[in-house]
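Taking it in order: structure first as structure tokens, then the write-up.
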There are 2 protein chains.
Amino acid sequence: MEQKILDCTLRDGGLVNRFYFTDDFVRGLYQANLQAGIDYMEFGYKASEALFDRREFGKWKFCREEDLRAVVGDNKTSMKISVMADVGRTDYSKDILEKKDSVIDMVRIAAYAEQMGEAMEMVSCCKERGYETSVNIMAISNNTDEEIDRALETVSKSRADAVYVVDSYGSFYPEQIKALTKRYIRLAGNGRKVGIHAHNNQQLAFANTIEAMRCGAALLDVTVNGMGRGAGNCGSEQLLGYIGSSEKYNELPVIEFIENHVLLLKQAGILWGYDIPYLLTGQGCKHPSKAIEFVENHRTEYAGLFRQMMGA
Amino acid sequence: MEQKILDCTLRDGGLVNRFYFTDDFVRGLYQANLQAGIDYMEFGYKASEALFDRREFGKWKFCREEDLRAVVGDNKTSMKISVMADVGRTDYSKDILEKKDSVIDMVRIAAYAEQMGEAMEMVSCCKERGYETSVNIMAISNNTDEEIDRALETVSKSRADAVYVVDSYGSFYPEQIKALTKRYIRLAGNGRKVGIHAHNNQQLAFANTIEAMRCGAALLDVTVNGMGRGAGNCGSEQLLGYIGSSEKYNELPVIEFIENHVLLLKQAGILWGYDIPYLLTGQGCKHPSKAIEFVENHRTEYAGLFRQMMGA
């Protein structure tokens with residue numbers, strides 16, 4: 001199966017800067033992704049404006065249709081557009097328009113294994129309105145095999161076009177990703193793609209992404225320079241280098257975008273990327289929030305954090 | 001085969017700070033490695049004092065017996081001590097003592113594939129004097145399969161105790177490391193261990209190390225916090241986390257050492273670790289010298305470097 005690359009810089013990276021990207025950054029990224037041959041570009045979340053105050057976040061937390069169109073027009077390109085909607089944090093029935101009225105192509109539904117019921121309602125709604133859909137089951141490093149299997153069985157009976165192996169805490173090793181990818185394909189791969197969304201807590205986001213790809217994962221999530229929450233994600237520039245230049249893919253536009261746009265974010269003090277605290281939360285299968293607090297506040301009591309994470 | 005972990009922080013990390021480690025750092029590392037269960041600790045190079053001026057480098061470029069003993073005494077521990085000697089840069093017949101007069105246990109001989117003749121002379125000399133030896137064949141990403149096979153055939157006829165897969169430029173992907181490890185074991189594994197020494201240019205040092213280990217590599221090189229030339233190496237703390245705590249191994253002493261010693265180096269401006277220029281030299285199978293110059297001088301013309309590396 002031919003793989004597709006999905007850039008989710010604005011979405012996962014938006015968790016780092018509260019979605020305050022400049023219009024220049026977003027337009028530049030859209031052009032870079034087009035030139036690089038990226039297959040899907042995710043612009044952000046479809047978050048509920050009842051639950052989240054628009055004045056406290058940049059516009060890509062909400063991805064209103066007019067904001068998307070201001071960048072992509074009618075998106076008369078071969079690159080598709082996706083948004084993410086979290087179970088319980090979206091007014092999907094109101095905010096997700098009929099496909100004929102939207103430039104969005106795919107809605108990715110993020111849910112914990114125990115939220116599959118509501119996730120399936122969202123899949124049905126989005127499919128009826130005409131979208132591609134994926135189900136991204138989060139934080140599975142804390143689920144039992146039985147819980148994962150039950151979620152996959154639910155997905156396998158749905159109209160979802162894809163299901164994602166999501167390593168929310170950056171805890172998995174390549175051999176675990178291999179086993180998970182094969183399990184997802186076996187239990188829910190009937191007519192749907194399996195995707196991989198990796199985090200870099202243990203510096204394994206890239207390795208885990210190519211491991212999943214070699215096992216048949218066909219939707220590969222990346223972000224430019226790995227920009228994403230905490231330790232970040234698999235870098236577009238890493239995966240494009242691995243896949244190699246071709247008529248389809250091209251690494252150079254991403255490298256140019258990093259040089260011309262991403263470095264400005266870094267210089268402005270926006271923080272992401274591998275560091276020891278992220279390793280420790282990853283090793284402990286814990287949410288990265290504690291590590292983010294360490295990094296933001298320049299805390300270096302690593303041994304104390306280790307003991308806390310390992311319960312030692 | 002049970003694996004052994006070799007810490008080469010002082011040796012590969014010494015390439016970053018010209019081997020100027022404080023005595024406090026070296027003593028602290030020795031104690032941390034002992035507590036962590038590390039099997040071998042490499043103290044540095046046995047460089048020729050005729051070719052290199054002792055006033056221009058710290059003492060661990062030379063590893064005189066008295067300097068070693070000032071830290072380890074007679075090393076009455078279960079951790080072995082290694083040094084590295086580069087073909088063409090060492091006065092091995094003069095500087096490597098009879099084993100009975102030295103605390104060194106292993107001499108690692110670093111050579112390019114075309115230097116196997118002289119490497120074998122060094123192996124013979126070191127074996128006669130009573131040492132364990134390894135042959136570390138460097139920069140093989142620029143060798144043909146035939147050149148690698150010829151070097152391995154030479155090693156297979158020698159008394160060397162180990163031979164290393166060395167990814168000098170950080171260019172290899174896990175599936176290549178898998179094939180190389182199996183090739184090394186097949187062609188030169190007769191009665192000798194195969195080792196892995198990875199570099200982190202593509203953020204694959206850790207992934208490549210555990211891939212090699214799963215394929216039978218039994219000598220695994222690490223450095224604390226990945227300290228090593230350019231993008232650095234596989235972190236001790238990463239590998240120890242993967243192997244897991246046991247009666248033998250323990251990650252916490254390494255985490256404490258990073259907190260108490262390594263952060264001071266970072267604060268003093270000593271530079272290593274993943275960055276975009278290293279990715280590009282790794283992708284291009286080039287020596288990291290150009291990337292090191294970029295990072296040291298805060299150069300950010302990444303697109304120009306990409307074109308240069310890829311010959312585009």
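Naming: A, B, ... by sequence-line order, numbering from 1 per chain. Computation of the quantities below employed the complete heavy-atom set of this structure, encompassing side-chain atoms and omitting hydrogens, waters and symmetry-equivalent molecules. Treat the numbers as computed from the prediction; the structure is a model and nothing was measured.
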Chain B heavy atoms under 4.5 Å from A:Tyr173: which part of the residue, side chain, backbone, both or neither?
side chain
Determine whether more than 12 heavy atoms belonging to other residues, nucleotides or ligands lie under 6.0 Å from atom NZ of B:Lys266.
yes
Engaged part of A:Asn200 at the chain B interface, taking heavy atoms whose separation is under 4.5 Å
side chain
Sub-3.5 Å donor-acceptor pair from the side chain of B:Gln283 to the main-chain atoms of A:Glu237, do we have one?
yes
Given heavy-atom pairs under 4.5 angstrom as the criterion, report whether the side chain, backbone, both or neither of A:Leu252 touches chain B.
both
Any idea which of B:Glu256, B:Glu251, B:Glu301 has the most non-hydrogen atom pairs under 4.5 angstrom with chain A?
B:Glu251
Here the pair of heavy atoms bringing B:Ile255 nearest to A:Ala303 is CG2-N, 3.7 Å
For A:Leu305, which atoms come within 4.5 Å of any heavy atom of chain B: side chain, backbone, both, or neither?
neither
Is it the side chain or the backbone of A:Tyr274 that comes within 4.5 Å of chain B heavy atoms, both, or neither?
side chain
Rounded to the nearest 0.5 Å, what separation is found between the CG atom of B:Leu204 and the CD1 atom of A:Ile210?
5.5 Å
May I ask you to decide if B:Gln238's main-chain N or O and A:Gln202's side chain share a donor-acceptor pair within less than 3.5 Å?
no
CG of B:Asp275 to CG of A:Asn225: how many Å apart, nearest 0.5 Å?
7.5 Å
Just wondering, more than 12 heavy atoms not from B:Arg214 lying within 6.0 Å of its CZ?
no
